[in-house]
Asker: 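Starting off with a structure, shown below.
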Protein chains: 2
Amino acid sequence: MSSETKTGGVLRALLESGVRITAQRKLVASIMDEERSHPDADEIYRRARTIDPRISLSTVYRTLALLKSAGLVQDHRFDEEHAHFEPVVDKPGHQHIICRGCGDIMEFQLNLDAAQRAAVEDATGFRFVSERIEVMGVCERCRNEDS
Amino acid sequence: MSSETKTGGVLRALLESGVRITAQRKLVASIMDEERSHPDADEIYRRARTIDPRISLSTVYRTLALLKSAGLVQDHRFDEEHAHFEPVVDKPGHQHIICRGCGDIMEFQLNLDAAQRAAVEDATGFRFVSERIEVMGVCERCRNEDS
DNA sequence: ATCTTTGCAAAAACTTTGCACCCTG
DNA sequence: CAGGGTGCAAAGTTTTTGCAAAGAT
C-alpha cells in the first residue's frame, strides 16, 4: 500500500511509538512529512518557527535525534559540513543526485547488483551490508542557464 | 614500478606546483603520501607534531585546503561530523567501504555501468557527472569477534 | 504529581580567520 | 627585502548539554 506516498507517516509513527507527545515533536514530525527537499536543521528550525515562534533549535535537534533513533528520519552529509534530514523511505535503493550548479537534490532508485556486491566483497574481504550512492550531476535548469 | 604505491606524489606535485615551499607544507604533504588510512585533520596534526612539534593545527588545515584546491587531496565526510582526508587517487571508481563494527575504511574500485548511469539520467532529468559509492560492511575481524 | 521535555545559554567539536612575526624566494 | 606563510588566539559553525521552568500522562 501507499506505493507513491513518499512517507507521510513520520507523525503517525511518532504518535504510535509510545514516546511522550508534545506540540514541538508533532510540529517537527509534520514538517518532515511535508518534505520533498532535504532540509538541514536550521531550515527545519526556520519552518517550525513560522508555526511556533517559541520553539528552540535545541528542540529541533533533539527531536530529529529522537526521530532518527526511532528509524523515522535519516541524515546525510553530502560531503558538506552540516547534516541534511529526510523522512526514512522504505523503498530500497533510495539514492541522491546533487546538482553541481544549484545544489538541488533529487532522488532515484538504484542498487548495486549481485555481481557488483560480490566484487566488493571479494576485493575487500568485508561482508557487504548496504550501499549509499551519491551522484553529482547537472539539472536541466542549470544545463540551460550557464554555458 | 610502484604498482602498489598508492600515490606517493603529493609532495612531488606540491614541489612542482609553483607555490611557496615551507617545511610545514612539505611535512603535511609527506604525511599524506604515507597514508594508507583516511586520517582526519586532528590525526594529521598529531602525526605532524611528532616531527615538528611547533606546527599548528591551523597550518594543517590551511595546507590541506591548499592541497585540495591543487587537486592533490580529497576530503570525505563519511556521514560523520568531521572530514577525513586522503591523497587523490587517479584510478576512476575509487570507492570506500566502512566497517560497521570498528569504523575501519578500505578501498575498492567500482563504477556504475552505462545502463545504471542512463537509468539515473532518465529517472531524474539530470546529466550524470560522477558517482560516489559508500558501502557499509563488516570486516573480517569484526565478523569473527562479535556474534 | 511525577517525570519528561523545553528553552535558554553555555559548552563542545570542528574549522576558519585576524594579526604580528618569520621565512621563502 | 617584499610578500606570503605561520603560530597563536579568537571567532565562526554546527551540534550537544546542564539546568530551571513548563508540560504531558
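Every chain is numbered from 1, with letters handed out A, B, ... down the list of sequences. Quick caveat: nothing in here was measured; it's all calculated off a predicted structure.
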Asker: How close do B:L11 and B:S30 get, counting heavy atoms only, and between which atoms?
Answerer: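 Residues B:L11 and B:S30, closest heavy atoms: CD2-CB, 4.3 Å.
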Asker: Mind checking what makes side-chain contact (heavy atoms from CB on, under 4.5 Å) contact with B:I21, not counting sequence neighbours?
Answerer: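 Checked B:I21 against side-chain contact (heavy atoms from CB on, under 4.5 Å); matches are B:L14, B:L15, B:V19, B:K26.
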Asker: For DNA chain D, which nucleotides open and close the run of contacts to chain A, 5' to 3', at under 4.0 angstrom from a non-hydrogen atom?
Answerer: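 Going 5' to 3' along DNA chain D, contacts run D:dT14 to D:dT25.
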Asker: Among all residues two or more places apart in sequence or in another chain, which pass the salt bridge (Lys or Arg N to Asp or Glu O under 4.0 Å) test with B:R47?
Answerer: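 So B:R47 forms a salt bridge (Lys or Arg N to Asp or Glu O under 4.0 Å) with B:E35, B:E43.
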Asker: Give, ordered by number, those residues of residues 46-53 of chain A having at least one heavy-atom distance below 4.0 Å to an atom of DNA chain D; if nothing qualifies, reply none.
Answerer: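 Within residues 46-53 of chain A, no residue comes under 4.0 Å of DNA chain D.
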Asker: Which side chain to side chain donor-acceptor pair (under 3.5 Å) pairs, counting each pair once, include a residue from residues 95-104 of chain A, with sequence neighbours left out?
Answerer: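 Sorted result for residues 95-104 of chain A: A:H38-A:H96, A:E86-A:H96.
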Asker: Please enumerate all residues that pass salt bridge (Lys or Arg N to Asp or Glu O under 4.0 Å) together with B:D79, with sequence neighbours excluded.
Answerer: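 In terms of salt bridge (Lys or Arg N to Asp or Glu O under 4.0 Å), with neighbours along the sequence ignored, B:D79 is linked to A:R132.
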Asker: How would you list, by chain and number, every residue that makes a salt bridge (Lys or Arg N to Asp or Glu O under 4.0 Å) with B:R25, sequence neighbours excluded?
Answerer: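 In terms of salt bridge (Lys or Arg N to Asp or Glu O under 4.0 Å), with neighbours along the sequence ignored, B:R25 is linked to no residue.
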Asker: Any ring-ring contact (aromatic ring centres under 6.0 Å, His included) involving residues 43-70 of chain B? Give me the pairs, sequence neighbours left out, ordered by first then second residue.
Answerer: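 Output for this query is empty, none listed.
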Asker: Between A:R46 and A:D42, does any side-chain N to carboxylate O distance fall below 4.0 Å?
Answerer: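 Yes, charged N to carboxylate O under 4.0 Å.
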Asker: Tell me, for nucleotides 10-19 of chain C in 5' to 3' order, what letter each nucleotide earns: B for a base near a protein heavy atom under 4.0 Å, S for only sugar-phosphate near one, - for neither?
Answerer: ----SBBBB-
Asker: Look only at the side chain of B:Q116 and the backbone of B:D113, and say whether a donor-acceptor pair between them is shorter than 3.5 Å.
Answerer: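 Between the backbone of B:D113 and the side chain of B:Q116 there is a qualifying donor-acceptor contact (under 3.5 Å).
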Asker: Quick one: which residue pairs count as a ring-ring contact (aromatic ring centres under 6.0 Å, His included) with a foot in residues 97-141 of chain B, not counting sequence neighbours?
Answerer: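 Not a single pair qualifies under ring-ring contact (aromatic ring centres under 6.0 Å, His included).
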Asker: Can you name the atoms? Protein N/O to nucleotides 21-25 of chain C N/O, anything below 3.5 Å, with the distance.
Answerer:
residue : atom : partner : partner atom : Å
C:dT24  : O3'  : B:I21   : O            : 3.0
C:dT24  : O2   : B:R20   : NH1          : 2.9
C:dG25  : OP1  : B:I21   : N            : 2.9

Asker: Could you list the residues that satisfy side-chain contact (heavy atoms from CB on, under 4.5 Å) with A:R54, not counting sequence neighbours?
Answerer: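 Result, side-chain contact (heavy atoms from CB on, under 4.5 Å) vs A:R54: A:D52.
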Asker: Side chain to side chain donor-acceptor pair (under 3.5 Å), that's the test. Do B:H82 and B:D40 meet it? Break it down for me.
Answerer: CA-CA 7 Å; B:H82 61 287; B:D40 57 27; 3.3 Å; yes
